[in-house]
Amino acid sequence: MRIRPLVFLCAAAVWVALLGAYAWRHGHVSTDITHFLSTLEERELAAIALRLADSERTRTLILGVAAPEEATAVAAAAEWARELAAHPEVAALRAGPNPSAANAVFDLYFPRRLLFLSSRPEAELPEKLSRDGLVDAARRLRGELALPQGPLIKEIAAADPLLAFLGQLRRLEAARGSMRVVKGGFVAGDPPRAILFLTTIHSAFDSAHQAPLLDFVASSFDALNGSHGGALRLEQSGVHRFAVASERAAKRDATWISALSMAALVASFLWIYRSLSALLLTLIPLTVGLVTATAATLALFGGLHALTVAFGSTLIGVCIDYPIHFVSHYALRRKGESSHAVLRSITPALGLAALTTVAGFLGIASSDLPGVREIGVFASLGVLAALVATVVLLPELVPHDLGSTRPLERLAETLTRIAATSPRRRRAARAFVVAILLLCAVGLPQLRWDDDVFALNMPLESEWVRESQALSDAVSQVDAGRMVIAVGDDDEAALRANDAVHERLVAARAAGALDEFRSPHALLWSRDLQERNWAALAARPNLAEDMLAVLASEGFRREAFAPFAEALHGAQPQPLLMAEIVASPLGEAIAPFRVEAEGKIALLTLLRGVRDPDAVVAALGGLPGVRYFDNESFVRTIYSRHRTRSLWLVGLGSVAMMALLLLRYRRIDRALAAGGPAILGALATAALIAASGTPLNLIHLLGLLLILSLAADYGIFLVESDGDELADASSLLSVSLAALTTLFSFGLLSLSSFPALRALGVATGIGVALSPALALCFRILRTGAARESSTEEKS
Amino acid sequence: MLESPIFRLLAMSSALLLSIDPAAASDAIDLEALVRGFAAMPGLSARFREEKHISLLQVPLVSEGVLYFAPPDRIARHVERPAPSTLLVRDDELVMGTAGERHTLDLAAQPVLRSFVDAFRLVLAGDIARLRELYAIEFRANDSQRDWQIQLLPRDEQLAGMIRSIQVAGRDAILLELRVVEADGDSTVTRFTDVDRNRRFSEPELDALFRIPP
């Protein structure tokens with residue numbers, strides 16, 4: 001092997017290795033969606049939503065074990081729980097209530113019972129503590145003593161004739177939802193199933209850890225069921241298996257599509273060039289572009305978003321045009337022409353192609369959203385690096401024996417014949433362009449955007465969805481993703497906001513805006529509200545004496561209630577604080593309601609049966625730090641805004657591209673021949689998808705941007721080689737090969753069952769089929785017009 | 001998860017134990033024969049009048065209602081006066097409720113309360129051996145061998161800390177009175193009338209009677 005290519009190859013390898021090592025060392029790939037949000041409020045909400053997505057609540061898989069007999073189900077679930085708990089991915093497994101929680105309830109609340117009298121002390125307590133109110137309380141106490149729970153009441157009545165502690169117990173019991181406890185195990189639903197709460201160590205979306213766990217869940221349940229004669233039935237609720245199934249499907253599709261794509265590429269290059277080295281050459285600039293873009297973006301932004309990697313890498317795919325253009329020209333070079341001479345002849349075309357692409361991406365790079373800006377910078381840097389790699393490396397590395405082959409010549413001849421300017425060809429070209437314009441006229445008005453980001457994922461297994469929903473309903477009885485968020489700088493501020501939320505939601509529920517809600521208010525009130533309760537008691541003169549007198553008049557023994565009088569005459573109890581609850585056995589009860597994000601505390605009130613979201617929003621109106629949050633509509637709104645902004649930026653990029661072409665050619669017809677196919681190709685793609693009745697989404701838009709960049713290259717290559725017959729043939733060849741390569745690498749994605757991959761495949765597939773044809777038509781029309789003009793001038 | 005420990009004190013809600021109905025009395029009545037008779041019952045219903053003597057109150061609290069037992073483990077106690085309420089026991093689940101409220105307890109998680117409920121269930125099941133494990137039993141009959149009394153003294157210290165004794169009294173095959181004396185001296189006395197120890201429940205009756213009324 002010659003030394004010089006080896007040196008260049010080594011240099012490229014060192015470059016890639018160094019930058020790759022830098023990226024590996026400093027590479028922090030973030031999934032923080034706030035990167036793509038503009039307002040502070042959005043960022044706060046998104047940060048909370050993100051924390052929720054990785055919260056204990058989301059990491060908890062609910063398993064329901066049903067059996068003909070409830071007791072059998074409970075026993076089987078308890079047996080299974082012991083086995084599941086031993087799995088290394090299981091952080092916690094709860095099959096029944098925490099036995100120490102009962103004592104904690106008494107210890108935490110009974111001494112502070114008088115701080116939990118009323119959630120509206122100023123409004124309610126004056127009446128409750130009036131003489132009539134005290135008489136009512138005494139009668140209520142008597143009634144409670146007669147009930148089956150009388151022995152409980154008897155034990156607390158002496159210190160709590162107002163039954164404040166009982167009120168707190170009832171709030172806690174209501175917060176538990178519809179679950180029952182049977183033989184120490186949770187049971188829910190009708191028909192009843194034993195319930196296990198399995199919390200995983202890693203995120204529910206981390207399929208590398210969740211897939212083995214789910215396999216273990218399935219196999220261990222099968223074994224359990226076998227030992228019970230097949231009488232058990234398993235139900236699951238949680239995002240784990242949806243995430244795992246979705247990733248498995250995406251990987252399955254990506255694997256077979258990649259294999260098919262690679263096979264098609266290898267076959268094409270072997271057929272046309274009789275050489276695999278040509279294919280390997282084309283991959284070098286792509287690799288250099290990707291690694292350089294990753295390292296440079298990391299250095300510039302200090303991190304990299306997962307979406308940047310996904311979208312940016314796709315956009316860098318456009319760079320495959322450059323090595324193909326070079327290889328095609330080199331293969332059809334004149335006898336004795338060196339690789340550097342070939343490169344020199346196409347450098348203007350390559351440079352302009354790269355510049356127009358970067359101009360298009362710069363529109364995105366100028367976005368005020370950090371995430372979008374990062375994608376633009378990543379793609380621009382990648383394109384420039386790939387261009388440099390093409391210019392510097394390929395002339396050195398291209399095999400000297402790479403030359404014309406029979407299929408190559410035949411293909412070039414065919415393409416040249418097709419591209420020949422004749423009146424018939426011009427009529428056909430004109431007819432094709434008119435047809436495309438008509439397609440745009442018909443299709444574009446039908447264009448609809450679908451901003452349902454969830455539709456980009458795999459369609460969920462409907463049986464799983466039903467099962468998951470039914471089990472979730474039976475256990476938690478809240479709507480997934482709908483909540484009210486009370487945010488504060490600390491727990492006290494958040495609790496104050498949450499107190500207000502509770503009061504407003506009680507009213508909204510009474511007005512029929514929603515069916516039910518579960519709030520941390522059942523567990524804890526703000527220090528402020530607790531102290532206001534005490535203040536209201538203190539403001540009532542002679543309360544203890546009046547209460548004792550009333551009790552005596554209602555048939556109670558006055559002296560038995562001395563503990564109540566002592567409590568009232570004593571010092572105010574220390575309010576119950578969040579830290580105390582979190583550290584107690586009740587910590588697991590309040591944890592799902594509390595999120596720390598962006599240095600703030602958010603308390604969540606989970607909603608069920610929201611009939612009128614607007615009414616709920618109106619009910620919460622004016623409460624600082626409080627927001628109604630619907631995860632689905634929130635994500636859809638962000639996605640829609642991002643799509644709209646991206647569309648605008650793509651339009652801006654197209655204008656920049658056309659300006660650059662005008663600057664280069666200083667003639668409208670040449671600029672139009674170079675840039676027109678790109679713009680018309682992208683519009684026609686959108687029109688065709690719209691005309692087929694399919695709404696477009698953000699992934700389609702990404703495909704359109706890719707088409708714009710690719711098709712601009714095609715137009716530029718053809719315009720730049722105009723006037724040189726051999727160069728013309730080479731450019732026609734490179735455009736066809738580049739389109740074929742894109743069709744194989746992106747267009748085949750349209751076969752995927754994964755909606756996001758399919759959308760990208762459909763858009764690029766249609767675009768790369770239309771764009772070369774349009775570039776050819778524009779070339780025929782432009783050269784035909786030039787010849788006519790030249791003939792007229794001569795005559 | 002959120003049960004209060006003091007719900008265990010519900011154990012002293014002695015009314016649920018009131019429905020013991022001795023089986024066929026023999027001329028020479030004894031404990032074994034009595035509980036064998038209970039075990040053979042197809043079902044039981046009785047009206048009751050309960051008096052709760054509580055130190056907090058100057059006069060006892062009185063309530064009246066009807067009690068049902070369906071073997072092997074279902075009990076329903078419906079209070080009609082002064083305010084309607086219901087207590088249901090089935091297997092390890094104890095449910096208390098009124099028309100507006102419902103509270104459920106898992107007896108498996110409340111061993112003390114379960115021991116108390118078992119006092120009644122073991123008598124009805126004729127499981128004297130298990131009953132002796134939980135309670136010291138004293139059986140007394142009068143000279144005529146018609147009037148009898150079973151006294152149960154808890155062996156478990158925790159239960160003994162709440163209940164001093166449970167006394168069941170009757171004549172021949174009929175249960176007449178249940179008295180529960182709490183550790184603090186408060187007591188509940190329940191007297192039974194209209195005892196039907198051959199009560200058979202149809203399925204619709206089981207559904208209607210052994211639930212919290214709407």
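Throughout, protein chains are lettered first and strands after them, A, B, ... in sequence-line order, and every chain is numbered starting at 1.
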For this session: Report yes if some heavy atom in the side chain of Val187(A) is under 4.5 Å from a heavy atom in the side chain of Glu93(B); otherwise report no.
Result: no
For this session: Pick one of side chain, backbone, both or neither for Leu61(B), based on which atoms fall under 4.5 Å of a heavy atom in chain A.
Result: side chain
Exercise. So what's closer than 4.5 Å to chain B heavy atoms on Arg170(A): side chain, backbone, both or neither?
Worked result: side chain
Exercise. If you count the non-hydrogen atoms of other residues, nucleotides and ligands that lie under 6.0 Å from CD in Glu64(B), is the total more than 12?
Worked result: yes
Exercise. Rounded to the nearest 0.5 Å, how far apart are CG of Asp184(B) and CD of Glu155(A)?
Worked result: 6.5 Å
Problem set entry | Heavy-atom contact with chain B under 4.5 Å, split by part of Tyr109(A) | neither
For this session: Mark yes when over 12 heavy atoms from residues, nucleotides or ligands other than Arg90(B) sit less than 6.0 Å from its CZ; otherwise mark no.
Result: no
Exercise. Does the side chain of Leu145(A) come within less than 4.5 Å of Lys52(B)'s, by heavy atoms?
Worked result: no
Problem set entry | Candidates Lys154(A), Glu559(A), Arg557(A) - the one meeting side chain to side chain contact (heavy atoms under 4.5 Å, CB included) with Leu56(B) | Lys154(A)
